[in-house]
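Quick notes on the structure that follows.
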Protein chains: 4
Amino acid sequence: MGVYERQQREKKILEAAIQLFGEKGLHVSTMADVARKTRISKGLIYFYYKSKEDLYLALTKKGMDELKELFNKSFGKPKEKTGLEIMTTLVEGYLSFAREKAVFHDALLDFLSVLDSYQVQREKVSPLILESPYFTKLLQSHHDLAKLGIKAISMGIQDGSIRPDLHAESAFYTLWSMMIGYTKVTGSVSLEPGDIKINAESWKNGFLKLFFEILKGSNTPFKSQPVQGKLF
Amino acid sequence: MGVYERQQREKKILEAAIQLFGEKGLHVSTMADVARKTRISKGLIYFYYKSKEDLYLALTKKGMDELKELFNKSFGKPKEKTGLEIMTTLVEGYLSFAREKAVFHDALLDFLSVLDSYQVQREKVSPLILESPYFTKLLQSHHDLAKLGIKAISMGIQDGSIRPDLHAESAFYTLWSMMIGYTKVTGSVSLEPGDIKINAESWKNGFLKLFFEILKGSNTPFKSQPVQGKLF
Amino acid sequence: MGVYERQQREKKILEAAIQLFGEKGLHVSTMADVARKTRISKGLIYFYYKSKEDLYLALTKKGMDELKELFNKSFGKPKEKTGLEIMTTLVEGYLSFAREKAVFHDALLDFLSVLDSYQVQREKVSPLILESPYFTKLLQSHHDLAKLGIKAISMGIQDGSIRPDLHAESAFYTLWSMMIGYTKVTGSVSLEPGDIKINAESWKNGFLKLFFEILKGSNTPFKSQPVQGKLF
Amino acid sequence: MGVYERQQREKKILEAAIQLFGEKGLHVSTMADVARKTRISKGLIYFYYKSKEDLYLALTKKGMDELKELFNKSFGKPKEKTGLEIMTTLVEGYLSFAREKAVFHDALLDFLSVLDSYQVQREKVSPLILESPYFTKLLQSHHDLAKLGIKAISMGIQDGSIRPDLHAESAFYTLWSMMIGYTKVTGSVSLEPGDIKINAESWKNGFLKLFFEILKGSNTPFKSQPVQGKLF
DNA sequence: AATGAATGAGTCTTCATTCAT
DNA sequence: TATGAATGAAGACTCATTCAT
């Protein structure tokens, strides 16, 4: 009954949800599954999370925080890395994250969709989402994330590793878009029959080449490609 | 009883589904809704579409075809446009499509997810999807779409409007990724509070600038920006 | 449109039903299945058979007739066989029939159930059954069947091959009961674990022994067992 | 919430099913009927019974157990009865059971059919049946039942009331077959028109005569017929 | 005579959520 | 605080039968 135990339980539920939603998918998993997996009664689960959406948002929040942590770590120690190096670490990390923690990345994208509806017409968003305490927190985390990415690019511009004519904010969102799109498209690329000359690996290389070209400008066309070489 | 009437009904059902799924979302809409909206009996709906998934794939196919049509039209009359101009029309069209016909675009992305599962482990894809006649058709349409995009870039490389060092296939997928990502991210950009200096418009401009930079190379840094100017 | 063609079609439908109901079961098979299999439209099927029950009763009738035919054939040429020999052929035939044409035998038992309800409370029998022209015909065929069996026993009593103190009618029904029960029970006998000393073969032998003992009396306890030996 | 209440509800549902399935038949009755009759929500019915098949197997189990109980009671106190007397009580009981509790007897026969399929090809049996916890229990109960019947005959052989040359196992199954067949055939006997000299009563007598003849041997042809006299 | 599109009541089943204990 | 039994609306889908053409 102590605060600690309560937090432990909350965490346990969340972790079960992460596993379950990750393996079977959100719609296929049920609250009963979560209860069974945690050995915690359904009633108590509803004490900690007000609805299934609330639980899902909690999961989203955790994913967002892990991503933020990953962004943070990409900076390394102060002055250790150039902005471009930070960005390199960051893409690498992001793409791994999207692949290995697909539940989180999917949840994040779902949240972006919610944000879209929210902005267009607040009423279209389910009350269960709006009422969740995680919704506001998520709004903040999402913002923090963007700020970190923008900061990395700004640093690169400052230290000369990234071309100076870039608008950091737009550039960050563009690069983020690219990465999101990459995760969406990558599965279908390998299915292309022979008449399209591409395969998973060549496409990834091509993608990264263009990604970094945006950061560096194409007149520095990868003479030495340490960045690309390091990736993955 | 004529073939014509049959096609009319089939179309009517599909159109109701497009509206319904578009407004309320796939999961929230029911086959009963579709029946009610069309004033067609549930049984008959199942006569035309073997399952809800089948209907959704039909919708996806229609979306894919509209997109293909849009791609095709972007080429204009033979020799009328440069590859770069074609690409300009194409992004413009794609982004409008994604915004105005969001159901279709969402369905397309869902299909890409299916393709991902399909490639990793065929069994993970629901039989209802695999058994739908639209599945194979969709495979083809998706392929056609990619070929068209690649063709446009190849043409640009040929006619000198697009930089020659581009690998057309990778470039197309990268640019497509960007556009997909753009549609996912764009809704949340406008929600950013003041401390991030960006708004919907500036971000779109930034995005397009980088998009075309990839095609043209950054050493032609938008002196005259006719392309960008035309957009939207 | 000739009478002949009509009969052909009727037969074709019936045969499809026999196959279908036999393979998948009555409840699992649909009228649409029948239509598909025969390449005859549903509407026309309903022209020949007024309802699914009607079709099933037609099937039942055909089974009953085949059984009657089998009974008839068991008699052989006039004076060729003793009553006991006839009965021997008859059991043999009946058990093969029940095994190899299980649809027919099941249908026959279903009909006996209907008769049961009919006798207890006429209203409990579905109108679809009562209205079928096959119902009355079935009543007659069923009666014919019984008469044939009784006749065989009577002949045996006359010719001395069957014990004289038997009441032919009761004996026939009893022996028929035995055979019906045999077909119901036989599948589960082989599943008995080792602590019940029986297997499919020993039980069949035991069954037949007692079956014929009823006909011959136990004081002729199978010294020579030609009858038993011949079976199957 | 107590265990007792739970069992009460479970029982209530089962009893409603027994009535419903008995009156209208399994296929005609619906789970909604059961819910309505018990005033228990559909969801809760599915909480107690995982599927309609599960509920039907539960019913079958109850029937099997009642029959087992009946078999057990037939033995009376130790050494009180001869094997033959036990068998007498047993047939009497069985036939009453089959008549008065027809749902149970029908369910039992359905189970025998399942066993048949199970033995021929396990896959042909619906997963809903195989997954029911009652399936295994039923396998055991069915076995117990057979053992009891065999035991009664063995006892009779020991105490001299039943002829010694009988193979108890085969004899039991044969006699069981007879009884099953009797229940199937009996309804149609009374419908026979006058030209077949039989009626319900005479046929029952004839049946029982032969039944006991199998047990006693025909050279003891019912001089004193206390056994027969007692029946019904 | 022949078709097969059309009906719609009915089937089993699921699951987020609540609440008496 | 904790349970898990209870709810009931909703879901996808089926199929015997009819009838306009």
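Below, chain A is the first sequence line, B the second, and so on; all start at residue 1. All values below come from the heavy atoms of this structure, side chains included, with hydrogens, waters and symmetry mates left out.
What separates CD of Glu5(D) from C1' of dG4(F) is a distance of 14 Å, to the nearest Å. Remark: C1' of dG8(F) and CZ of Arg36(D) are 13 Å apart, rounded to the nearest angstrom. Straight-line distance from the OH atom of Tyr4(B) to the P atom of dT21(F): 17 Å, rounded to whole Å.
Where Asp33(D) and Phe47(B) each meet DNA chain E at their nearest nucleotide, the meeting point lying more 5' is that of Phe47(B).
Using a 4.0 Å heavy-atom cutoff across all strands shown, Tyr48(B) reaches sugar-phosphate atoms only and no base atom.
Without hydrogens or angle criteria, Lys12(C) side chain to Thr38(C) main chain gives a donor-acceptor distance under 3.5 Å. Of the possible donor and acceptor atoms, none in the side chain of Asp116(C) sits under 3.5 Å from a partner among the backbone N and O of Ser113(C).
Within the 4.0 Å cut-off from OP1 or OP2 of dT1(F), at least one side-chain nitrogen or oxygen of Arg6(A) is found.
The two atoms that bring Val34(D) and Ile45(D) nearest to each other are CG1-CD1, 3.5 Å, heavy atoms only. Tyr134(C) and Asp54(C) get closest at one heavy-atom pair: CD1-OD1, 3.2 Å. Taking both residues in full, the closest heavy atoms of Ala35(C) and Lys42(C) are given as CB-CG, 3.8 Å, listed atom of the first, atom of the second, then distance. Minimum heavy-atom separation, Lys52(C) to Ser29(C): NZ-O, 2.9 Å.
Taking OH of Tyr46(D) as the start and CE of Met31(D) as the end, the distance is 4.0 Å to the nearest 0.5 Å. Note that CD1 of Ile129(A) and CD of Glu131(A) are 10.5 Å apart. Values are rounded to the nearest 0.5 Å.
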Heteroatom pairs (N/O) under 3.5 angstrom, protein to nucleotides 14-18 of chain F:
| unit_1 | atom_1 | unit_2 | atom_2 | d |
| --- | --- | --- | --- | --- |
| dA16(F) | OP1 | Lys52(C) | NZ | 3.0 |
| dA16(F) | OP2 | Met31(C) | N | 2.9 |
| dT17(F) | OP2 | Tyr46(C) | OH | 3.0 |
| dT17(F) | OP2 | Lys52(C) | N | 3.0 |
| dT17(F) | O4 | Lys42(C) | NZ | 3.1 |

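Of all the residues in residues 8-22 of chain D, Arg9(D) reach under 4.0 Å from DNA chain F with at least one non-hydrogen atom.
Taking the six-membered ring for Trp and the full ring otherwise, Phe111(D) and Tyr118(D) have centroids separated by 6.0 Å or more.
Heavy-atom contacts from other residues, nucleotides or ligands closer than 6.0 Å to NZ of Lys24(D) number more than 12.
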Fill in the blank from the handout: Here DNA chain F, pairs taken as Watson-Crick or G-U under 3.5 Å and shown with ( ), [ ] when crossing and | when to another strand, reads .||||||||||||||||||||
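Note that Lys50(C) lies outside the cation-pi zone of Tyr48(C), set by a 6.0 Å cut-off to the ring centre and a 45° limit from the axis.
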